[in-house]
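Residue numbering restarts at 1 for every chain, and letters A, B, ... go by the order of the sequence lines.
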Protein chains: 2
Amino acid sequence: MDIFLKTMGSLNDETRIKILHFIDTNKEVCVCDIENSFEMIQSRISRHLKILKDAGFLKVDRRGRWAYYSIRTPLDEFRLSILKEIAHLELNTPQLQSGCQNGK
Amino acid sequence: MDIFLKTMGSLNDETRIKILHFIDTNKEVCVCDIENSFEMIQSRISRHLKILKDAGFLKVDRRGRWAYYSIRTPLDEFRLSILKEIAHLELNTPQLQSGCQNGK
DNA sequence: TACATATATCAATATATCTTGATATATGTA
DNA sequence: TACATATATCAAGATATATTGATATATGTA
């Protein structure tokens, strides 16, 4: 029950739904890319990423100064169906705006 | 986005998850059956039912003094997958305790 | 009509969650 | 070492949600 509740809770927020879809679309992004693309302050993004990660949607790969977030693989059927549902919402997710000096 | 958010919000509550599963299991129940089975006061149950209905999971059929709640049909793939996921949680849902004089 | 039953809604309070700004930590560079 | 960059976490205030008890509405029965 706990992880299911946590999963639902993670999606009970418009910002997180958009961030999740943004990562799903852009495959791998660092925190400052999201910060820049969404024009939100870093602590806010960081907190939402933690919630999405704890809910089982994301994984982090730390390389150098950066934390790269992407969709966890392999992802279970249920979470995949959620991502699919979100993809169907046709949100106007922002374009990726690189916000740091990671040379990407 | 709005209905998706509402759907997630409706599941972001342990009581509602249990009520939803209870209805899924028992097919059709009236409010006082739930009230009695869960040992919760009526206003609380009534409110949760409204939230689950507005989220697209339930339908109501009013017959006489009673309001019978059941899973909306037909239910879309996404909500069906959620019900399936909840069924897999193995919650210990209470037994149906008829709480009113509906003669069932 | 008067009353009981079943359900819905409201107001007040309690609890949880979100946002912001400040601070902590960790890595890389001059 | 000193400093800048990237990220995480914390505290405070704002906002949202849940619970309770009271009340409203609607149906059926004596």
Q. Do the non-hydrogen side-chain atoms of B/Gln42 and B/Ile45 ever get within less than 4.5 Å of each other?
A. no

Q) Taking the side chain from B/Thr7 and the backbone from B/Ile3, do they hold a donor-acceptor pair closer than 3.5 Å? A) yes

Q: In whole angstrom, give the distance that lies between atom CG of B/Asp54 and atom P of D/dT17.
A: 13 Å

Q) Any stems for DNA chain C, made of 3 or more Watson-Crick or G-U pairs in a row, each with both distances under 3.5 Å? A) C:1-30 with D:1-30

(Q) Can you tell me if B/Arg47 touches the phosphate of D/dA18, counting only side-chain N or O atoms and a distance under 4.0 Å to OP1 or OP2? (A) yes

Q: Determine, for B/Phe57 and B/Arg72, whether the Lys NZ or Arg CZ falls below 6.0 Å from the six-membered ring centre while staying within 45 degrees of the axis.
A: no

Q. Do the non-hydrogen side-chain atoms of B/Lys50 and B/His48 ever get within less than 4.5 Å of each other?
A. no

Q) So which one's nearest nucleotide on DNA chain C is more toward 5', A/Gly64 or A/Asn12? A) A/Asn12

Q.
Quick check: do B/Leu11 and B/Leu20 have side-chain heavy atoms less than 4.5 Å from each other?
A. yes

Q: Give one of base, sugar-phosphate or nothing for B/Arg62, where a contact means two heavy atoms less than 4.0 Å apart.
A: sugar-phosphate

Q: May I ask you to evaluate whether B/Arg16 reaches the phosphate of D/dA18, defined as a side-chain N or O under 4.0 Å from OP1 or OP2?
A: yes

**Q.** same_hphob_cluster(A/Ile51, A/Met1) at 4.5 Å side-chain heavy-atom cutoff
**A.** no

**Q.** Side chains of A/Tyr69 and A/Lys59 in contact at under 4.5 Å (non-hydrogen atoms)
**A.** no

Q) Contact boundaries of DNA chain C with chain B (under 4.0 Å, heavy atoms), 5' to 3'? A) C/dT5 to C/dT9

Q.
Both A/Arg65 and A/Gln42 contact DNA chain D. Which one's nearest nucleotide lies toward the 5' end?
A. A/Arg65

Q: Could you tell me whether A/Lys84 and A/Glu77 have a side-chain N and a carboxylate O separated by less than 4.0 Å?
A: no

Q) Whole-Å distance between D/dT17 C1' and A/Asp13 CG? A) 14 Å

